[in-house]
Amino acid sequence: MQSMPPNASTGEPLNGLPEKAARLAVNLMRAFARVFSILVLLAAWQWLSQSGTFTPYQLPSFTAVVGRIWDDATTGDLAINAGLTLYRALAGFAICAVLGIAIGMAMSRSVIANWFFDPIISVGFPMPKIAFLPVIILWLGVYDTAKITMIVFDGIFPVIAATVIGIQGVEKELIWSARNMGASKYEVLRHVVLPAASPQIITGLQVALPLSLIVTVVAEMLMGGYGLGGAMMQAAHFANSTSVFAGIVEIAVIGYVLIKAMALVRRRLLVWHPEANAPATA
Amino acid sequence: MRLLKLALAGACAFGVLGLAPARSAEPVKIRMSWVAPLANWASVVLEKKDLMKHLGKSYTLDTIRYQGTPQMIAAIANNELEVASLAYSSLAIAIDNAGLDDLRVIADEFQEGKPGYYTDTYWVRKDSGINKVEDLKGKVIGTNGGGSAVDVAVRAMLKKHGLEDKRDYTLLEGPLPAMPAMLLEKKADLVPSVLPFAFNPKLRADGKVLFTISDAIGPIDMIVLAARQSFIDKHRAAMVDYLEDLLTVVRWYIDPKNHDEVAKIASKITKAPPERFGWLYTNKDNYRDPNLLPDLDALQKNFDTTQELGFIKRKVDAKKHADLSLVMEAAKRLK
Amino acid sequence: MIASLRSNFVRYLPLLILAAAWEIAARFELVSTTALPPLSDVVRSWVELLLDGDLVRNSAASLFRIAAGLGLSVIIGTIIGIGMAWWKPVNILIAPIVEVLYPVPKSALIPVTVIWLGYGDGSKILLIFLGCMVPVTIGAFNGARASEQVLVWSARSMGAGKLRVLWDVVAPGALPELLNGIRTAVALSFILLVSAELIAAQKGFGFLIGSLGAGGSYSAMYAVVLTVAFLGFAADRAYLMIAKRTLAWREAA
């Protein structure tokens, strides 16, 4: 969401006030505006849950949900479940990144690899791969191997596609001149092609990350065991809505932190690049 | 704008006209749930439509499959399910945790631990060296999901012998059909086995029974049929008709002289040869009451066990949450 | 014509090779046939499912859910997105909510939609609507914001009303980004639908896959899995075609 501009960004200096105070006021206003609607939403949740329109099963109160998250945190359940969910999502994402970039590079360099993978990628990318989840269970069972395989299966396509497009976009002149100056093929790849393609590749990774999270949660819900998704399903079976809502909030926080972190990494890695702040397409 | 208003008014009028006469003439739609083929009556009842004389007249019946009894709770809460075949544990959870206080037990499906009938069993490997419940300390226990009937029972048994979840043993979830494999492949050290999976020949060769579900928590009213009070009050006559038909069909199924035909129906539903169903609805099967009357005392004890294990917080009164007047009235008609 | 057929054949040959490898591996039992039934068995099961109506019935249920959820999200997402770009107060109120909702893995909402609306169409439509609205809103917002200020100003200076400018200048300018956002939403709608149906449903693709798998009819399960995968792919290609037409038509007008 870095594509969203700061809302009150065009704050003009207010007449008669010293510039510093004016800026402080604008910043405060901006901060307030940012949280205002979220506070309204939370207040509405709390009010609705206590108004009697809904049963606590349909809508547990916000305070009860916060209390449950606190309980989960103090008993250590949160650490175990969130840790496992994070581990699966990140392990799957890491494999997507390494394997996806490798396949993408191979496709750009070898005609045969390109011939073989191109139709598979172009047909496989838009498929809802999650439908293969029962097949994965059939092959690999319900433990981490199966869960992480499912994540890789879903998340790898955008990475491969982005790598191929990124490398295709690198100017030929850049490569020729590097070769002319005596750089080896490997050196060209390492120092010229990959850096030049990196904005595209990182955009691919930024698509793969939220996808990995979605799939992690679904896989945990369907395959059971520890993890936030599994815990939510368990809670749903006990008609324990408070824990279900707590699970949503916990998963949302993890998603928020990971995606923000990824955007930060992008800005860090691409400081040199004019496209550093290009919007993440989701 | 005027066109929109006109269209809206028209839609409203149509809605009112369309609904009003429908209420009185149409038969009441009853949706009934099942989980396991053959074990739940809803999975077989429509095979004997010819015996159901009120079907299509005062009521219509849709049978709907669920993955497990806990899944039925959300369906009942959203009025997607009128007659739920709930395990004792799911019933207690629905009443207490989901706040469905108007759920009533209206009839029985089957019971466990009745002398002279089959009872679900928990198995270990013969060569595992596990000979008593205490030996399960530090072992892996297979279960089909927290809060299910066999899950609550095994937790209760282990607790009775001083073993606590997470501290003394690990629970591993899997579907019921996969339980024998989980045991024999040493993924789990104790697994529950229900019918028909308990007849697995490999399980019988390499496994042995450590205890039964009734060793764990005494006689059990395993599955009951439940409906909401508001629905019962609104459609009482149709519900009695429905229960009368259900009683007729159940009595036909458990009648030994129909057994060959029952085996054929079972074969058609499960696509397995009819010779495999010699046990079905006999005394080698779970106990099925011919009057569909639940054992409320057993149910109360089962609720209490569910509460002791912390699955529900408050005490749930079985008698208060039962309305057997309908099924008794239906039984009277058949005499 | 023949040349293009040939090049297409060469292009898609790897898929045929994969299919052949599947058939051979399963026929000669190089892998367990429960885990991987031969492709020809899968095709036979597919025909059976088609003839006995199971496939058609469940497909219709699923496609209806996608159409309803996606349709709602496109309409409401576009309105919100353009509204955010056009009126600052709307942006100030809604941007933080979109920003918080954006990174939530939407599959986490599946159990709640079931608690609220049960196992039927409602819960799936709500989930798809909530999940797809975010990319549509962002697409519409980015597009409308980027539509050239110069054009807007000149239109305004020529005396066009605010709504007129919105309709004639901003909305068409937002189209390419919006269409991109909707493409993401189409892919997401399939993922969310199948996930939700696998977890809690009584009809639809996901339900059919789950129940066939639980019953051990693996070749039929594979048949449905491949059908869903193909439909997701076909939806994307059809969408691309429509999007291209729409853009071309806009250029022409």
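Residue numbering restarts at 1 for every chain, and letters A, B, ... go by the order of the sequence lines.
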Select, from [options], the one with the greatest count of heavy-atom pairs under 4.5 Å involving chain C.
options                                : value
A:Gly124, A:Ala236, A:Pro134           : A:Pro134
A:Val40, A:Ile120, A:Val257            : A:Ile120
A:Ile254, A:Leu59, A:Ile38             : A:Ile38
A:Leu138, A:Thr216, A:Leu228           : A:Leu138
A:Val217, A:Val123, A:Asp118, A:Leu213 : A:Val123

What part of [X] is in contact with chain A, defined as an atom under 4.5 angstrom from a non-hydrogen atom: side chain, backbone, both or neither?
X        : value
C:Val224 : neither
C:Ala187 : neither
C:Ile199 : both
C:Leu188 : side chain
C:Arg183 : neither

Sequence neighbours excluded, every pair satisfying side-chain hydrogen bond (donor to acceptor under 3.5 Å, both in side chains) that has a member inside residues 245-255 of chain A: none
Listed once per pair and sorted, the side-chain hydrogen bond (donor to acceptor under 3.5 Å, both in side chains) pairs that draw on residues 122-142 of chain A, sequence neighbours left out: A:Trp139-C:Tyr222
Toward chain C, the part of A:Tyr57 with a non-hydrogen atom under 4.5 Å: both
Segment of A:Phe36 engaging chain C (4.5 angstrom heavy-atom cut-off): side chain
Step-by-step side-chain contact (heavy atoms from CB on, under 4.5 Å) determination, C:Ser73 to C:Ile128: CA-CA 8 Å; C:Ser73 69; C:Ile128 294 172; 5.7 Å; no
Closest approach of C:Gln202 to C:Tyr119 (non-hydrogen atoms, all atoms of both residues): OE1-CB, 3.8 Å
Out of curiosity, [X] [atom1] to [Y] [atom2], how far, rounded to the nearest 0.5 Å?
X        : Y        : atom1 : atom2 : answer
A:Ile130 : A:Ile151 : CD1   : CD1   : 9.0 Å
C:Leu208 : C:Ser59  : CG    : OG    : 8.0 Å
C:Lys203 : C:Asp54  : NZ    : CG    : 13.0 Å

Option that, when pairs with chain A are counted at under 4.5 Å, heavy atom only, ranks first among [options]:
options                               : value
C:Phe205, C:Trp116, C:Phe230          : C:Trp116
C:Leu231, C:Leu198, C:Val114          : C:Leu198
C:Leu18, C:Val228, C:Asp236, C:Val225 : C:Val225

Residues A:Arg266 and A:Thr203: side-chain donor-acceptor under 3.5 angstrom: yes
Sole candidate of C:Ile94, C:Ile138, C:Ile92 that passes side chain to side chain contact (heavy atoms under 4.5 Å, CB included) when paired with C:Met84: C:Ile94
Flag if over 12 foreign heavy atoms under 6.0 Å of OH, A:Tyr226: no
